[in-house]
There are 2 protein chains.
Amino acid sequence: MAKGRPKKELDSSTESIIKEAARKVFHQKGYAATRTRDIAEEAGLNLALLNYYFKSKEKLFEIITFETLFNFMNTLGIVFHDENSSFEEKIEALATRYIDFLSNEPDIPLFIISAVRNNPESFANKIPIKNMVLQSVFYKQFLEKSERNEITDTNPLQLLLNLMGFIIFPFIAKPIFENVTGTKEKQFQDMMNERKALIPMWVKNMIRP
Amino acid sequence: MAKGRPKKELDSSTESIIKEAARKVFHQKGYAATRTRDIAEEAGLNLALLNYYFKSKEKLFEIITFETLFNFMNTLGIVFHDENSSFEEKIEALATRYIDFLSNEPDIPLFIISAVRNNPESFANKIPIKNMVLQSVFYKQFLEKSERNEITDTNPLQLLLNLMGFIIFPFIAKPIFENVTGTKEKQFQDMMNERKALIPMWVKNMIRP
DNA sequence: GTCTATAGGGGGATAGAC
DNA sequence: GTCTATCCCCCTATAGAC
């Protein structure tokens with residue numbers, strides 16, 4: 001375990017150090033506002049090394065964007081395609097996993113949304129997200145429920161939007177929310193953990209009031 | 001009506017033209033990614049005029065940010081403080097107004113969120129949003145309902161988060177959503193209009209399942 | 001591979017003519 | 001008030017020493 005080279009990341013090669021630094025800074029500030037100097041400084045390395053390993057700021061950004069997006073969507077894919085869990089279990093798993101994930105990396109939603117917005121076409125081509133959702137076990141389970149009249153005519157796309165909104169929106173709105181309500185970091189986190197149980201309930205009430 | 005000078009905007013003074021152009025470009029691309037040259041071009045005017053009227057890119061951005069934020073929060077304030085409407089009516093009014101508003105200006109949520117994120121302290125000082133929510137008629141009506149046991153112990157902050165998420169999240173997620181589901185502009189807009197009636201229902205189910 | 005030094009270009013801001 | 005021309009800094013990228 002100590003000997004076998006780790007399959008990914010966390011090795012201390014210069015390349016990985018730069019990538020980690022780039023990830024951090026890009027996630028925080030987005031493409032336009034980050035300077036390559038910020039990344040070099042964050043990495044504790046010289047600016048010239050970025051170009052040596054990654055050719056340009058843009059290439060480096062593309063790599064980070066792809067990995068971030070893939071990572072994010074993969075979590076969704078794994079849960080959505082699980083043959084051995086019920087519809088309800090999937091919702092609970094999704095809420096729990098993503099809330100834990102986003103609690104550690106709250107900048108990711110805004111980063112992804114901005115990246116896609118600035119480059120919608122490249123996004124569509126790189127990751128087969130369409131299939132990830134519309135051909136998932138989750139989606140099929142929803143349609144089956146609907147056919148068995150266990151659902152009071154709810155548009156599945158509205159449901160999907162709300163489900164993802166329940167999970168993601170608080171992290172996006174966090175800075176404003178904390179300002180408006182006077183909530184502090186810890187309270188916010190408590191609320192997010194509360195939502196792991198609340199979201200499945202809300203979704204249930206939504207499809208079967 | 002034609003003679004009385006309009007109280008605000010839409011006059012064709014150079015200053016207003018620049019501001020409108022700045023609003024458009026800043027909303028679309030954010031601070032870091034817009035060049036003052038973009039704004040000048042959008043306005044059909046010379047670059048030097050921006051500095052003549054607004055001193056610097058940063059000052060111009062501050063003005064746009066303040067006005068955008070004020071405008072957005074004001075809509076919320078008006079609805080939340082209405083003494084003559086019920087709790088349920090307020091939710092419906094909020095959904096309808098904001099969905100119409102955001103349908104015309106879908107870039108605003110992301111703009112505001114990014115602006116606040118990059119400058120949280122200046123945000124808190126400029127607009128008394130805290131009072132706007134926590135001392136609103138809306139909030140009081142919620143607490144009264146809660147005391148009369150018309151609500152099955154729902155955290156008001158969770159409700160607030162969900163209500164705003166129902167309205168705002170779709171517009172933030174729009175580029176990704178359209179990609180993932182293959183939805184087109186018109187379908188998306190139909191879904192948003194559908195939500196004007198759905199949101200009050202969802203909220204109702206949330207506090208009284 | 002890693003550094004220092006610098007080229008090269010872009011973008012915010014201003015001088016000065018009209 | 002509005003324009004053209006230009007300054008000058010900052011940032012990305014690269015050349016070249018070690």
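Just so it is clear, the values below take in all heavy atoms, side chains as well, and ignore hydrogens, waters and symmetry mates. None of the values given here were measured: they were computed from a predicted structure. Throughout, a chain's letter reflects where its sequence line sits, starting with A, and its residues are numbered from 1.
Sorted by first and then second residue, the side-chain hydrogen bond (donor to acceptor under 3.5 Å, both in side chains) pairs with a member in residues 40-63 of chain B read B:Lys24-B:Glu42; sequence neighbours excluded. Applying the side-chain hydrogen bond (donor to acceptor under 3.5 Å, both in side chains) test to pairs two or more places apart or on separate chains, those with a residue in residues 100-118 of chain A are A:Asp100-A:Lys196, A:Ser103-A:Gln189, A:Asp107-B:Arg117, A:Arg117-B:Asp107.
When the P atom of D:dC3 is taken as reference, atom CD1 of B:Ile17 falls 10 Å away, rounded to whole Å. Nucleotide D:dT2 holds its P atom 12 Å from the CG atom of B:Leu50, rounded to whole Å.
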Under 4.0 Å protein heavy-atom contacts per nucleotide of nucleotides 11-18 of chain C, with B for base, S for backbone only and - for none: BBBB----
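In this structure, A:Tyr53 reaches the sugar-phosphate backbone alone: every heavy-atom distance under 4.0 Å involves primed, P, OP1 or OP2 atoms, never a base.
Of the residues A:Ile172, A:Leu110, A:Ile168, the one that meets the side-chain contact (heavy atoms from CB on, under 4.5 Å) test with B:Ile172 is A:Ile172.
Between B:Asp82 and B:Lys90 there is no salt bridge, since none of the side-chain N atoms of the basic residue sits less than 4.0 Å from a carboxylate O of the acidic one. With respect to A:Glu92 and A:Lys204, no salt bridge is recorded, no charged nitrogen being found less than 4.0 Å from a carboxylate O.
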